[in-house]
Amino acid sequence: MSQRCASLCRRDTQTACAKWHQMKQEALQVVWFKRDLRVEDNAALARAAERGPVLPLYIVEPDYWREPDANHRHWRFAAQSIAALNLNLSDRGQPLVIRFGEAVAVLDSIHKTHGIATLWSHMETGNHWTFMRDRRVAGWCRDNGVPWHEPRQFGVIRPLPNRDGWAKAWDRQMRAPRSTAPIALRPIANMTSDPLPSPEQLGLAPDGGSACQKGGREAGLMLLESFMEQRGRTYRRAMSSPLEGADACSRLSPHLTWGTLSIREVAQAAWARQESARSEGTRTGWTGAMTSFLSRLHWHCHFIQKLEDAPPIEWQNLHPAYDGLRPNAPDSPLLAAWQTGQAGLPFLDACMRSLEATGWLNFRMRAMVMAVASYHLWLDWRAPGLHLARMFTDYEPGIHWSQVQMQSGTTGMNTIRVYNPVKQGLDQDPDGLFIARWVPELAGLPAAARHRPWAYAEGQRLLGRDYPHPVVEPAAAAKNAKDRLWAIRKAPEHRHAAEMLVARHASRAPTRRSKKRKNPPSSTPQQLTLRFD
DNA sequence: AGTGCAGTTGACTTT
DNA sequence: TAAAGTCAACTGCAC
């Protein structure tokens, strides 16, 4: 504000300046909260508050919650976070105004009664539905002469000419000072607010998520603290284990999705933890843990950037050579067996059942369950991808659809990774504890038989009665899938299209030099390797 | 002590 | 964030 005021004061009379201050008092700043449900480090809110009286707004959009990727557990988390945000804003003098309806209609009605000077919201890279809704809102803003500012909260750049310098920009943004929350908000007169609807009112059926994470900034702060103080120390070693990962991973993901914490404050906490570990001197594992964690925060934005640059990845193969490879209509019994944890592959089933109840899986297990759907079960990624979107409390469209396509091999860019669900189980859950926890039918078996009940007499006795026979033979199914994928990848036109995709979407990372390379490193220029991983 | 050989390990390639 | 295969170096052991 000071800049504009100063220039006016210099150029014009004091009266003009006073008039501008007067106008500023009345110029309603609507802060439209979307997936940034916090007042701390919220640039939209902070900047709006510098300009004039703030109307904090949340729009419950029934059409959004009718989309196939939306689910009961998402709304529960969002609603808890919205309620907490409302309390926080109320303490500052102006409660959150909740409106039920279509965004343009809501904005238009507020504009007619109160007059919106400026609209503020964070820059959102959501699904196709939110993208189209934002286009309608942008049109309305243009028609009504309302400027709409969308400061960034993630490292996503809009528009992005190319990927050069992206990582540096991410670093700069995350290290920048956090925005401070306005201490007091001036109450807005005559503003009505709707109650938060129940999931049923939004048409959302219960989804079996009895043990999903709780929303609200308080829960996020507690996770952040316990992760940085204690849980995170073994992050690097334990994150891939389905049992240990639940504790050793930060579990901050839904808070980043709904913005109850800003990714910047999380990254800065990690850097601070790294610093304190270094100054302590003793080897505790914290520096390495934080390095791994920070690289994942970086990947978070890296993947969302992909959806920003290529919205069709939500419904279309990134690489067209894979169109028609798998049947469009899913094989319903196979899909159902996979979804419900009744595929007869114990470790896979344990993961799927655990996901349904808790809304969370560690990264490796997410990759595995998607790979099994895509390769062993030969399902097109759309139906399994939708199921996972609905199951993940932390569903973030940009990360999700990039990963789904990557794990089904339809990007054509990265190498095919066919996870072996039996081997992963033996590697990550050697004692079969995770299987026993989620597939109690098999808990009475010795560990080895829990992983492969068909290979042991005592396991065979349960098959077809207490626990299903495997829906596919894993080794043969994997071989078949690899053969079909590699047949496509060998075609020269596949490579050509893949190179174009790599140039557009892949990260730029320095080549890792082989340890045994005899050539002196200085003889070759630094090369760039392009990765979609 | 040196040699041959089977089995192991790790780095690297292929699918 | 894969898994299987290849190859060369290495190991332990018998002779």
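Below, chain A is the first sequence line, B the second, and so on; all start at residue 1.
- Using a 4.0 Å cut-off on heavy atoms, none of the residues of residues 483-491 of chain A approach DNA chain C.
- Residue A/Gln424 places at least one side-chain N or O closer than 4.0 Å to OP1 or OP2 of C/dA3.
- Annotation: cation-pi pair A/Arg296/A/Trp299 absent, no NZ/CZ under 6.0 Å from the ring centroid and within 45° of its normal.
- For the pair A/Arg353 and A/Glu356, the salt-bridge criterion is not met [side-chain N within less than 4.0 Å of a carboxylate O].
- Straight-line distance from the CE atom of A/Met406 to the P atom of C/dA2: 13 Å, rounded to whole Å.
- Ring to ring, A/Tyr322 and A/His494 are close: their centroids are under 6.0 angstrom apart.
- Aromatic ring centres of A/His255 and A/Phe77: separated by under 6.0 Å.
- Checking the phosphate oxygens (OP1, OP2) of C/dA3, no side-chain nitrogen or oxygen of A/Lys482 falls inside 4.0 Å.
- The NZ atom of A/Lys423 sits 13 Å away from the P atom of C/dT1 (whole-angstrom rounding).
- A side-chain donor-acceptor contact under 3.5 Å links A/Ser226 and A/Arg231.
- Scanning residues 359-379 of chain A for heavy-atom distances under 4.0 Å to DNA chain C yields A/Phe363, A/Arg364.
- Atom NE2 in A/His302 sits about 14 Å away from atom P in C/dT1, given to the nearest Å.
- Atom NE2 of A/His300 and atom C1' of C/dT1 are 18 Å apart (whole Å).
- In this structure, A/Asp427 atom CG and C/dA4 atom P are separated by 10 Å, rounded to whole Å.
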(request) Go through the steps to decide whether A/Asp69 and A/Phe392 satisfy the test side chain to side chain contact (heavy atoms under 4.5 Å, CB included), and finish with yes or no. (result) CA-CA 10 Å; A/Asp69 53 350; A/Phe392 293 146; over 6 Å; no
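- If you measure from atom CD of A/Gln407 to atom P of C/dA3, you get 12 Å, rounded to the nearest angstrom.
- Within the cation-pi definition used here (under 6.0 Å to the ring centroid, within 45° of the axis), A/Arg450 does not qualify as a partner of A/Phe434.
- Qualifying salt bridge (Lys or Arg N to Asp or Glu O under 4.0 Å) partners for A/Lys423, counting only residues two or more places apart in sequence or in other chains: A/Asp427.
- Nucleotide C/dA3 holds its P atom 6 Å from the CG atom of A/Asn420, rounded to whole Å.
- Distance A/Tyr235 OH to C/dT1 P: 11 Å, rounded to the nearest Å.
- Here the side chain of A/Thr415 is nearest to one of C/dT1, C/dA3, C/dA2, namely C/dA2.
- A cation-pi contact, defined as under 6.0 Å to the ring centre and within 45° of the axis, is absent between A/Arg382 and A/Trp315.
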